[in-house]
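Just follow the structure's listing: the first ligand is 1, and inside any ligand the first atom is 1. The residues of the chain are indexed from 1 along the displayed sequence. Since we're looking at a predicted model, the values are computed, not measured.
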Amino acid sequence: MAYQLVYFPGPGRADIIKLIAEHCAIPYEFKSISFEDGSWTSTQPNTRYGQLPSLKVDEDFTLYQTIPIARFLAKQANFHPTDERNQAILEECVSAIDELTNHVIRIVYFTSEDKKEEERVKFQNGWLKLIMKGLNSHLIKNNGNLVPGGLSWADLYLYDLLSYLDLYRFEVVVDDSKLETLKANVLKSERVKAYLESPRNLKKH
Ligand SMILES: N[C@@H](CCC(=O)N[C@@H](CS)C(=O)NCC(=O)O)C(=O)O
């Protein structure tokens with residue numbers, strides 16, 4: 001049985017899960033739950049935390065929370081570092097990227113229109129700059145990857161965040177930026193490239 005990934009019909013937290021599944025050629029089915037037609041209202045009480053995404057692995061095992069789902073899939077496909085220090089670096093980067101993702105979602109979806117611009121500028125000049133500087137320091141050390149040893153799912157997550165920032169017109173300013181190298185490294189994955197061009201990529205379609 002292919003894993004069933006459940007999320008809303010747009011770009012968001014499920015995208016890193018899709019990127020990992022696509023890169024690792026893990027079969028999955030995407031089930032979209034709409035807000036508009038009342039599907040979410042009827043589905044929400046049956047979710048563990050009242051939130052999506054979720055990943056149904058089999059009848060007895062459904063997992064919630066984006067990062068644990070991502071880690072589970074990466075481990076299944078041996079796409080998780082084996083070295084303890086590299087695992088720790090990956091977790092550090094994923095937490096930093098997750099923090100930025102939460103800011104973006106807060107500003108884009110949960111900030112009133114009259115406050116949006118102010119919040120965007122505050123974020124761009126504040127946490128976005130500081131946290132990107134930290135992430136970029138890893139990219140500098142590892143030739144455009146976050147973790148020593150080549151492409152990891154932290155790179156996919158950073159790629160995903162950069163696409164999100166681009167989609168919503170956030171400006172990313174980093175000295176000695178290696179973000180373009182990171183993007184090029186991710187796009188070396190033919191399966192990721194094919195996914196990004198496909199209708200499965202809801203940032204594009
Ligand atoms: N920490 C959770 C957060 C999940 C979350 O906030 N999901 C949002 C969509 S991005 C949701 O399900 N919202 C339901 C609602 O607003 O009713 C995770 O990473 O999975």
Q.
Tell me the nearest of Trp40, Phe8, Phe110 to atom 15 (C) of ligand 1, using heavy-atom distances.
A. Trp40
Q: Using the six-membered ring of Phe170, assess whether NZ or CZ of Arg120 lies under 6.0 Å from its centre and within 45 degrees of the ring axis.
A: yes
Q. Hey, what do you get for CE (Met132) to CG (Leu162), rounding to the nearest 0.5 Å?
A. 4.5 Å
Q | Lys31 to Tyr7, cation-pi by 6.0 Å centre distance and 45° axis angle | A | no
Q) Considering only the protein, which heavy-atom contact is closest to atom 19 (O) of ligand 1, and what is its distance? A) Thr66 OG1, 2.8 Å
Q: For atom 10 (S) of ligand 1, find the nearest protein heavy atom and state the residue, atom name and distance (0.1 Å precision).
A: Tyr7 OH, 3.0 Å
Q.
I want to check a possible cation-pi pair here: Lys18 against Phe30, using under 6.0 Å from ring centre and within 45° of the ring axis as the test.
A. yes
Q. Pro53 heavy atoms, cut-off 4.0 Å: which ligand 1 atoms fall inside?
A. 20 (O)
Q: For a side chain to side chain contact (heavy atoms under 4.5 Å, CB included) with Ser54, tell me which candidate from Ile17, Val6, Ile33, Thr47 qualifies.
A: Val6
Q) What protein heavy atom sits nearest atom 16 (O) of ligand 1, and how far away is it? A) Phe35 CZ, 4.2 Å
Q | Heavy-atom nearest neighbour in the protein, as seen from atom 1 (N) of ligand 1, with distance rounded to 0.1 Å | A | Gln65 OE1, 2.7 Å
Q. Among protein heavy atoms, which lies nearest atom 7 (N) of ligand 1, and at what distance?
A. Leu52 O, 2.8 Å
Q. Should the ring pair Trp127 and His103 be called parallel, tilted or perpendicular, given that the plane angle runs from 0 to 90° and is split at 30 and 60?
A. parallel
